[in-house]
Trainee: 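Starting off with a structure, shown below.
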Amino acid sequence: AGPPVVPSVPLSTCPNKALPWLSVPAILYALLAKGVLVLYALNGPPAIFWPGAGVALAAVLVGGKKYAAAVFLGALTGALWAGETPMVAISTSIGNALEPLLGAWLLARTGDFGASLSSTRNLFRLFFLAGLLSPAIGALLGAAALLHFGHVRPESFGADLGIWWLGDTLGILVVTPFVLAWRHPPKIRAKQLANGVVVIGTALLAGQILFLDWFHPLFWAVQHGYWMYLLIIWVAVQTDLTGVALVVLAATVQAFIGTNEGLGVFGYSHGILLMMHFWSYSAGLAATGLSLSVLLTERGKTESVLRQSEAELTRAQHLAHLGNWHWDVHTGSHAWSRETYRIFGRDPALPPARYPEVRQYFTPDSWRQLARAVEKALDSGDAFDCDAEVVPPDGGHRWVVARGKTARDSDGTVATLSITIQDITTRKNAQLALEKSEAQYRAVVETTTDGFWMLDRDGRILRLNRALADVLGMRPIEA
C-alpha cells in the first residue's frame, strides 16, 4: 500500500455550494498577507509572525487539499495588493500553497489526525511535524525567490530563510489550533459563560497592559512577561481548548503589534534580538497553554471513564452481593469497596477496619477459622477460601465466603492481600435448613419401631432402617 494521502474532492467535481467556502480562506489569507507585509514594509524587519500559514494549514486539514488553490489565490492577491512584483508574488505564493499540503501529508502519514486536537499525540504531531517541518518548503521557495529577483542580498539569505521559517512556524502554532478548536464551538451553560468571560476578559486586558502599555503609569513596575504565562495556566484550568486558543492568539497579536510599535515588555530590544524574544515567548506561550489544556481534557475524559467503570463495578458488586477488601501489608493500609461496607454493616463515612480490628464483625468461631487462613496466606502466600459468619453492629447475622489471594514484591515477600467477600446468607441459610431437615428426618427414621426402606427404580435397596434390619437379620443401610 502506498503512503496515506490527504482526503479531498477534485475541483472539477466540487459542487457550486462549496465555492463560497473556498473563497473564505483565500480572502482571509489575502487580508492577513496584506496587513503583515505592509506592517513589515513600514517597520523594516522580515515577518517573524505569518498568521496566514496557520490559516492555510487549517483550511487544508478541514476541507482537503482542494483548499491549497484558495491559499495560492489568497497569497497571490495579498502579495500583489501589498506592492510585490508579479513574479515574486507568484513564486512565494507557490511555496505558501505547497506548505499546508506538506503539513497535512506529514500528519496523515503518521496516523489518523482527523483535524482534531483531542489528544496530546495529535497536538505534538501538529507542533513538530506540521509546525516545524512543513514551513521549510515555503521558507525555502520564498527566500530563494527574493534572492533570485534581487530583493535580498546573498549574505542575508540565511537569515531571511530562518526568519521566514520561524514566522510560518509561529503562525501554525498559534492560528491552526485556534481554527481547529473553534470550528465546532462547545455548548456553554450560562454559569460557564460568565466564568469564561471573566477569565478570558482578564487575560485579554492583561495582554493590553503587558504588550501595549495600557495604564503604563500604574503597572510599569510589574510589567513582566511571565504574568501572561501564569494567566494562560489559569485559563487552561478554568476553560477548555477554545478559551486557551483564543487567549494564545490574542496575546500573540497583542505582542506582535507591541513589538512593532516599540511598546510593552518587548520595547527594550530591537532587530534580530527583538524578533527572537518575541518568537520564543509566543511559541512558548502557545505550547504551554495548549498542551496543558489538552492534558487536562484528556485527564477529565479518563476520570470520567474511571468514574463510570467504578459505578458499573459498584452496581455489579451490589447485584452479586460481592465486595472486595485490599490490604497493603507493607504500609498497613486497607481499602474496602462500598459493598464490603454494606456486608459488614459499617458506616461508609468511617475508614476501613484494619486487621485484626475487623474481628468485631465475625463470630468467635468464624474469626478463628478466618484468622488462621489469613496468617497462613501471609506466611506462605497460599490462597484461601472459607465460609464465615458475620455479626453486623445493627444486629442479625450474615454468612459470607471469603476468598483471599496474595501478591509478592520483588524480594519474594507478601506485599498485598486481596480478599473478596461475598454475601451467601440466603444460600447458607437454605443449606443449614436442609441439613437440619435431613437430621430430623434421619432421627425419625432411626428411632421409629416401624420398618422403613427405600428402593431405586431397579429395586436396589437405598435405605434400610434399624427396625426393619433387625427383623430381616440384616445390617442397616443408609443412602
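We're numbering straight along the sequence, starting at 1.
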Trainee: Where do L166 and M276 land on the side-chain contact (heavy atoms from CB on, under 4.5 Å) test, with the steps shown first?
Mentor: CA-CA 9 Å; L166 290 174; M276 293 309 300; 3.7 Å; yes
Trainee: Locate the shortest heavy-atom distance separating A377 from D382; write the atom from each residue and the value.
Mentor: CB-O, 3.1 Å
Trainee: Going by the rule salt bridge (Lys or Arg N to Asp or Glu O under 4.0 Å), which residues pair with D385 if we only count those two or more places apart in sequence or in a different chain?
Mentor: R403
Trainee: How about T120 and E298: does a side-chain donor come under 3.5 Å of a side-chain acceptor?
Mentor: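 Note: T120 and E298 side chains meet the donor-acceptor criterion.
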Trainee: Under the salt bridge (Lys or Arg N to Asp or Glu O under 4.0 Å) rule, collect the residues that match up with D423, sequence neighbours excluded.
Mentor: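 For D423 the salt bridge (Lys or Arg N to Asp or Glu O under 4.0 Å) partners, ignoring immediate neighbours, are R342, R398.
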Trainee: Applying ring pair (Phe, Tyr, Trp, His ring centres under 6.0 Å), can you list everything that pairs with Y355, at least two apart in sequence or on another chain?
Mentor: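 W327, W367.
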Trainee: Which pairs would a plain distance check flag for residues 246-257, meaning a side-chain donor or acceptor within less than 3.5 Å of a matching protein atom at least two apart in sequence or in another chain?
Mentor:
| from | atom 1 | to | atom 2 | distance (Å) |
| --- | --- | --- | --- | --- |
| T252 | OG1 | V248 | O | 2.8 |
| Q254 | NE2 | L204 | O | 3.1 |
| Q254 | NE2 | Q208 | OE1 | 2.9 |

Trainee: Checking side-chain contact (heavy atoms from CB on, under 4.5 Å) for the pair L32/V55: CA distance, chi angles, key distance, verdict?
Mentor: CA-CA 9 Å; L32 291 172; V55 172; 3.7 Å; yes
Trainee: Quick check: are there more than 12 heavy atoms from other residues, nucleotides or ligands sitting under 6.0 Å from CZ of R338?
Mentor: no
Trainee: Kindly indicate whether the side chain of T202, heavy atoms from C-beta on, has any atom under 4.5 Å from the side chain of W234.
Mentor: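 SC-SC contact between T202 and W234 confirmed.
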Trainee: Sequence neighbours excluded, which residues qualify as ring pair (Phe, Tyr, Trp, His ring centres under 6.0 Å) partners of H224?
Mentor: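 For H224, the residues satisfying ring pair (Phe, Tyr, Trp, His ring centres under 6.0 Å) (neighbours in sequence not counted) are Y226.
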Trainee: For Y281, check ring pair (Phe, Tyr, Trp, His ring centres under 6.0 Å) against everything at least two apart and list the hits.
Mentor: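 For Y281 the ring pair (Phe, Tyr, Trp, His ring centres under 6.0 Å) partners, ignoring immediate neighbours, are F211, Y229, F266.
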